[in-house]
Amino acid sequence: MATRILTGYRPTGKLHLGHLHGNLMRMMELQEEAECFFFIADWHALTTDYQDPSRLRTFTEEMVLDWLAAGIDPDKATIYRQSDLPEVAEFQLYLSMITPLGWLERVPSFKEQQEQLRGREIATHGFLGYPVLQAADILIVRAEGVPVGEDQLPHLELTREIVRRFNHLYGETFAEPQSLLSTAPRIPGTDGRKMSKSYGNQISLSDPPEEIRRKVLSMITDPARRTRRDPGDPGKCSVFELHRLYTGDRVEEIAEKCRTAGWGCVECKEVLAGRISDSLRAFRERRKELEARPGTAWEVLESGLRKVRPIAGEVLGEVRRRMGMD
Ligand code: SF4
């Protein structure tokens, strides 16, 4: 098990169920067993949202409050904002000198994201180079492990290639970080696609119960159930995917009622909405308490910065020496 872990989140607004099951629960486990660095990746957010940075600050604050309300403990994990650490930017510059263009162009997500974000004008130097920025994020704290989903493995492999090239050119300096592959379930959004803010299909952790209910009731179900009397197939319904996580004790009964048209989709969704809402009650209460203390998020980021800065300074100092820049 790696002992120093790093993970970052783009500040894109309030966290949702996809984040909770995707990475947040893992972060809470990791903070108990390893030295953790959790950062707000605001420079990464700029690579795709540079045209409208007006809400970055608010999103940063909201994300820190969500982390804290979910149970991330600033006494156990070091929490900081990427742009407060200019050492990362200088380091990225050095790494960009040694990273061949072809390595970046072949990262699968480069082409995929360009397709998905068509119309956003992201054919930029910054967007192409963001895997180098990720490498700088990881190596500036000498992280040994990085929690990733399968789709992010090529990015981490690129960091490992950069490490090998750096060590080859300037002498053994960095260890190759290892991936901590996530086994998190896929969380469907209200439209059945993967839950994501960019699709606008998310259930946020801080949504009040009536909002959760409204969203769950709007969820796409098995299209074969056109009327209350039509039997359904839970395997084709995204509501059922969420039942598996939130109503595990009744999952057989729910599947049976669906297959036999024993109840309607509205009743089925009401049960799910209630369970999701109950599971987030403690989160909502903690979030309210934190909101009542303005400045909390910024204090946490400041204190995290004080902890990470000496490490980043030491690493950058060594990089400068190795590259003749001291
Ligand atoms: S009864 Fe429930 S599981 Fe079955 S199709 Fe309707 S919402 Fe989905």
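Side-chain atoms are counted along with the backbone in the values below, which use heavy atoms only and exclude waters and symmetry mates. Order of appearance sets the numbers: ligands from 1, and atoms from 1 within every ligand.
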> Pull out every atom of ligand 1 sitting under 4.0 Å from any heavy atom of Asp222, numbered as shown with elements.
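Atoms satisfying the 4.0 Å criterion: 5 (S).
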> In terms of ring plane angle, is the pair His19 and Tyr9 parallel, tilted or perpendicular, where the classes change at 30° and 60°?
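The rings of His19 and Tyr9 sit tilted, inter-plane angle from 30° to 60°.
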> Can you list the atoms of ligand 1 that are under 4.0 Å from a heavy atom of Arg225?
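So the atoms of ligand 1 that pass are 1 (S), 5 (S), 6 (Fe).
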> I'd like to know whether Ile254 forms a side-chain contact (heavy atoms from CB on, under 4.5 Å) with Phe240, so could you lay out the CA-CA distance, the side-chain angles of the two residues, the decisive distance to 0.1 Å, and finally the verdict.
CA-CA 8 Å; Ile254 290 167; Phe240 190 72; 4.0 Å; yes
> Is the charged tip of Arg275 near the ring of Tyr246: under 6.0 Å from the six-membered ring centre and within 45° of its axis?
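No, Arg275 and Tyr246 do not form such a contact.
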> Distance under 4.0 Å to a non-hydrogen atom of Trp263: what atoms of ligand 1 satisfy this?
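Numbered from 1, ligand 1 contributes 1 (S).
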> Would you call Gly232 a ligand 1 contact, heavy-atom distance under 4.0 Å?
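Contact absent.
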> Considering non-hydrogen atoms of the protein only, which is the closest contact for atom 2 (Fe) of ligand 1, and what is the distance?
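Nearest protein contact, heavy atoms only, for atom 2 (Fe) of ligand 1 is Cys268 SG, 2.4 Å.
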> Any Lys/Arg nitrogen of Glu318 or Arg321 sitting under 4.0 Å from an Asp/Glu carboxylate oxygen of the other?
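So Glu318 does not pair with Arg321 through a salt bridge.
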> Closer than 4.0 Å to some heavy atom of Cys258 - which atoms of ligand 1 meet that?
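Listed by number with element: 1 (S), 3 (S), 4 (Fe), 5 (S).
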> Using the rule side-chain contact (heavy atoms from CB on, under 4.5 Å), only one of Arg55, Arg57, Arg287 pairs with Glu62; which is it?
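Running side-chain contact (heavy atoms from CB on, under 4.5 Å) over Arg55, Arg57, Arg287 with Glu62 returns exactly one hit, Arg287.
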> Within the side chain of Asp49, is there an N or O that forms a donor-acceptor pair under 3.5 Å with the backbone of Leu46?
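No; judged by distance alone, with no hydrogens or angles, the pair does not exist.
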> Nearest protein heavy-atom contact for atom 6 (Fe) of ligand 1: which residue, which atom, what distance?
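Of every protein heavy atom, Cys265 SG, 2.3 Å lies nearest to atom 6 (Fe) of ligand 1.
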